[in-house]
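Report on the structure given below.
Computation of the quantities below employed the complete heavy-atom set of this structure, encompassing side-chain atoms and omitting hydrogens, waters and symmetry-equivalent molecules.
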Amino acid sequence: MKIGISNSLFIDNGADLQKTLEFIEKKTKIAELVCDGKINALENKDVLDNYKLKYTLHAPMEDLNISCHREKIRKASIEYIEEILKIIADKIGVIVIHPGEVFCKDDYEKSLKAIIKSIGELNKLQNEYGVKIAIENMPNLDRKMFKRPEKEIINNLNEVGICLDMGHAHLNNAIEEFLNYKEKIVHVHIHDNLGINDDHLPIGFGKIDFEKYKKDLKKLKAIFILEHKYRDIEYIDSSLNSVKSILS
């Protein structure tokens with residue numbers, strides 16, 4: 001049972017990386033790191049060895065677009081991911097990457113070709129740096145790619161995995177669809193919502209029926225990461241206990 005907490009919990013709340021890891025170390029044995037704000041792990045990787053934690057990493061939340069059909073931008077995104085791996089590959093087991101977006105529907109097919117090309121390049125980086133790469137499914141926003149498990153993308157993943165974001169999948173009524181690809185899911189973001197917005201609520205505060213998916217979730221060979229907001233920090237323990245119950 002591999003359960004951790006994302007230190008995105010502390011984004012824009014004044015905490016430095018050390019304080020976030022001290023908090024997480026008291027709760028669990030795995031931390032998902034981020035590359036943003038004062039808790040940017042890329043700028044402070046030397047402190048990671050001070051904690052008895054295993055790490056995964058979430059690539060920058062914005063700026064990257066591996067689905068961009070404008071080749072220079074797509075290529076720059078892949079190059080930056082490689083820069084990240086050069087810096088921190090020796091500290092992490094998994095890196096989670098957003099799939100990017102497409103501005104207008106008329107360009108969707110171009111963006112689909114672009115992300116498939118990017119995935120091919122990510123497979124090479126995964127092999128070169130020895131870090132598992134996982135593409136995260138996105139919420140119900142028109143521009144986002146990979147809101148559902150499109151076969152064109154799934155069939156081209158090869159060794160690249162999926163980060164199943166339960167909250168995002170719920171917003172698209174796609175949890176069961178993604179769970180059809182259990183062998184591809186290596187990382188799970190777990191949080192709740194009311195089915196309208198990407199609220200990142202504590203487990204049990206929204207409308208996701210986690211018990212319904214318990215059997216399938218238990219079969220996953222994945223790391224489960226709580227992705228909560230700082231406003232709900234007091235519910236971290238109850239959410240951890242809920243996840244342990246779901247996976248037991």
Side-chain angles (χ1 to χ4, degrees), residues 1-64 80-81 83-98 131-134 136-139 141 163-168 186-194 197-206 208 222-244:
M1 190 184 302
K2 298 178 181 179
I3 304 171
I5 299 171
S6 172
N7 76 337
S8 62
L9 175 70
F10 293 95
I11 281 182
D12 290 337
N13 279 283
D16 59 19
L17 181 60
Q18 292 93 320
K19 288 182 180 179
T20 73
L21 299 181
E22 288 170 8
F23 176 87
I24 293 173
E25 189 179 41
K26 294 175 183 177
K27 305 291 184 182
T28 186
K29 297 180 180 179
I30 302 172
E32 182 190 63
L33 308 168
V34 297
C35 303
D36 301 282
K38 291 183 178 180
I39 57 175
N40 186 343
L42 301 179
E43 297 174 354
N44 296 281
K45 80 163 192 171
D46 291 340
V47 309
L48 301 180
D49 291 335
N50 297 334
Y51 304 91
K52 295 178 180 179
L53 290 166
K54 293 185 177 180
Y55 301 105
T56 67
L57 181 76
H58 199 306
M61 307 287 184
E62 299 291 342
D63 302 327
L64 302 180
Y80 189 72
I81 291 167
E83 286 294 318
I84 292 172
L85 291 171
K86 287 178 180 178
I87 293 169
I88 205 167
D90 61 323
K91 306 293 185 184
I92 61 174
V94 179
I95 180 170
V96 175
I97 299 170
H98 283 181
V131 175
K132 192 67 180 179
I133 294 176
E136 181 179 351
N137 60 296
M138 290 288 97
L141 300 173
C163 172
L164 170 60
D165 189 297
M166 293 285 289
H168 295 173
V186 298
H187 204 267
V188 178
H189 285 159
I190 192 160
H191 50 93
D192 213 338
N193 63 59
L194 298 171
N197 298 312
D198 190 19
D199 303 307
H200 284 255
L201 298 175
I203 308 304
F205 280 57
I208 300 178
I223 298 169
F224 289 78
I225 297 292
L226 284 176
E227 262 197 341
H228 283 13
K229 299 290 187 182
Y230 187 78
R231 64 174 186 243
D232 297 318
I233 193 169
E234 64 186 293
Y235 300 109
I236 283 290
D237 289 336
S238 66
S239 282
L240 280 172
N241 288 334
S242 293
V243 176
K244 290 175 183 176

Which heavy atom of [X] sits nearest a heavy atom of [Y], and at what distance?
X      : Y      : value
Val188 : Ala222 : CG2-CB, 4.0 Å
Ile208 : Gly167 : CD1-CA, 4.0 Å
Val131 : Ile95  : CG1-N, 3.8 Å

When you check the side-chain N and O atoms of His168 and Asn193, is any donor under 3.5 Å from an acceptor? no
Determine whether a donor-acceptor pair (N or O, by modelled atom type, separation under 3.5 Å) exists between the side chain of [X] and the backbone of [Y].
X      : Y      : value
Lys45  : Lys91  : no
Ser239 : Pro202 : no
His200 : Glu227 : yes
Asn13  : Ile11  : yes
Asn137 : Asp165 : yes

Evaluate whether atom NZ of Lys27 has more than 12 neighbouring non-hydrogen atoms of other residues, nucleotides or ligands under 6.0 angstrom away.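 Above 12, so yes.
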Would you say Asn241 has more than 12 foreign heavy atoms packed within less than 6.0 Å of its CG? yes
In terms of relative ring orientation, are His58 and His189 parallel, tilted or perpendicular, with 30° and 60° separating the classes?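 Because their plane-to-plane angle is under 30°, the rings of His58 and His189 count as parallel.
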Output yes when Asp199 and Lys229 qualify as a salt bridge under the 4.0 Å nitrogen-oxygen rule, no when they do not. no
